[in-house]
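The figures that follow rest on heavy atoms only: side chains count, while hydrogens, waters and symmetry mates do not.
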Amino acid sequence: MCQLLGMSANTPTDINFSFSGFARRGGETDHHADGWGITFFEERGVRHFVDSQAACRSPLAAFVRNYPIRSKTVIAHIRKATHGNATLQNCHPFIRELWGRNWVFAHNGDLGKEFHPRLHAGFRPVGETDSELAFCWIMQELAKAHAGVPTVSELSLTLSELIVPIAAYGTFNILLSNGEALWAHASTQLHHLERAYPFASAELSDEDLTLDFATQTTKSDRVTVIATTPLTSNEAWIQLRPGELATFVDGEKKAIGRI
């Protein structure tokens, strides 16, 4: 299956360190070689990069690793194809507009051949993946559920209801964001790690690289990183419970309904 990487921070932050190790899993230290993508939110705009090449060999991935793009919310994905060929239109993350905001989605898992939700609104898949189909259905149902722009708390409650029928078809580990919040749902395996003062050093698991975050941050900074499997070997990652939907705002995990 695929792997996911997300970041939520309370100040614009670069994800170069985490993405460096994550990209190596795209065909070098792991077998997710059927494309990759990453999306950075900058206020309501996004920087969106996708490539059908393996992340470990992609010149575009090398550019992203070495270019310090700063963002408060990031979603990245490396792909092991189960539905659809290794083509650009099937690379995650996917983007759609709703309520005048960009929404970004990435999925790790397989929903099976029986997953055929009915689409009757303005959201249609461009590629052939079950992932993009699920994203379109979620966008459609969100638009139906709320007449106006909902709060993050209201969105969390609605998403917690919409995810249940999709996850019944198979594995549905996802990252979803509108730039205000980052939602993470775990069917099987998804981990998160919060970095805050006092900051320490971190060692990547997939690359011989260590970074002392105390030299890169201020006392008020807070960053949460979400990944399918832990990216570092010396930090205490927390695994989401199967079926859990977590909401992250400004690098902090929020209780649904209490945001």
Side-chain angles (χ1 to χ4, degrees), residues 3-25 38-47 64-77 93 101 104 106 151-153 155-156 159 173-186 189-241 244-259:
Q3 287 206 12
L4 301 169
L5 169 64
M7 183 189 76
S8 173
N10 66 347
T11 189
T13 303
D14 75 64
I15 199 172
N16 299 47
F17 178 73
S18 295
F19 184 70
S20 181
F22 183 70
R24 288 185 176 273
R25 296 179 178 181
I38 188 168
T39 304
F40 303 82
F41 279 89
E42 293 183 28
E43 296 182 350
R44 292 197 177 190
V46 293
R47 295 179 190 260
V64 171
R65 285 198 303 270
N66 292 289
Y67 193 86
I69 299 172
R70 293 185 175 273
S71 171
K72 292 176 65 176
T73 308
V74 180
I75 293 179
H77 181 275
R101 298 193 71 101
V104 177
T151 65
V152 170
S153 181
L155 284 167
S156 295
L159 286 169
N173 302 299
I174 68 165
L175 295 176
L176 173 70
S177 181
N178 64 352
E180 289 185 296
L182 175 61
W183 290 274
H185 175 263
Q189 191 170 203
L190 203 56
H191 297 76
H192 65 96
L193 168 74
E194 181 178 311
R195 296 189 179 115
Y197 182 83
F199 292 91
S201 295
E203 301 171 2
L204 286 176
S205 300
D206 297 86
E207 185 175 0
D208 185 16
L209 183 62
T210 301
L211 180 62
D212 183 3
F213 284 101
T215 65
Q216 309 290 319
T217 55
T218 68
K219 289 183 178 181
S220 62
D221 290 351
R222 182 174 60 248
V223 179
T224 290
V225 179
I226 303 128
T228 300
T229 58
L231 291 167
T232 57
S233 57
N234 66 327
E235 295 180 289
W237 291 75
I238 300 170
Q239 184 169 358
L240 294 181
R241 301 183 308 274
E244 180 180 358
L245 175 66
T247 304
F248 299 92
V249 178
D250 291 337
E252 185 178 1
K253 186 179 180 183
K254 302 289 188 176
I256 291 179
R258 299 180 182 176
I259 297 169

[Y] and [X], any side-chain heavy atoms less than 4.5 Å apart:
X      : Y      : value
Leu5   : Leu231 : yes
Thr217 : Val223 : no
Phe248 : His192 : yes
Thr13  : Asp221 : no
Arg65  : Asn16  : no

Between [atom1] on residue [X] and [atom2] on residue [Y], distance to nearest 0.5 Å:
X      : Y      : atom1 : atom2 : value
His185 : Asn173 : NE2   : CG    : 8.0 Å
Phe40  : Met7   : CZ    : CE    : 8.0 Å
Lys253 : Ile238 : NZ    : CD1   : 7.0 Å
Arg25  : Thr229 : CZ    : OG1   : 3.5 Å
Phe199 : Thr215 : CZ    : OG1   : 11.0 Å
His77  : Thr39  : NE2   : OG1   : 11.5 Å

ring-ring contact (aromatic ring centres under 6.0 Å, His included) involving His191 - partner list, sequence neighbours excluded
none
Is the side chain of Ser71 donor-acceptor paired with the backbone N or O of Phe41 at a distance under 3.5 Å, no angle test?
yes
Could you check whether any side-chain N or O of Thr228 sits under 3.5 Å from a backbone N or O of Leu4, counting only pairs where one atom can act as donor and the other as acceptor?
yes
Describe, in one word, how the ring planes of Phe22 and Phe19 are oriented to each other, choosing from parallel (under 30°), tilted (30 to 60°) and perpendicular (over 60°).
tilted
Distance-only side-chain donor-acceptor flag, Ser177 / Thr73, under 3.5 Å:
no
Lys72 and Asp250: CA distance, side-chain angles, deciding distance, salt bridge (Lys or Arg N to Asp or Glu O under 4.0 Å) verdict:
CA-CA 7 Å; Lys72 292 176 65 176; Asp250 291 337; 3.1 Å; yes
Walk me through it: do Trp183 and Leu155 pass the test side-chain contact (heavy atoms from CB on, under 4.5 Å)?
CA-CA 10 Å; Trp183 290 274; Leu155 284 167; 3.7 Å; yes
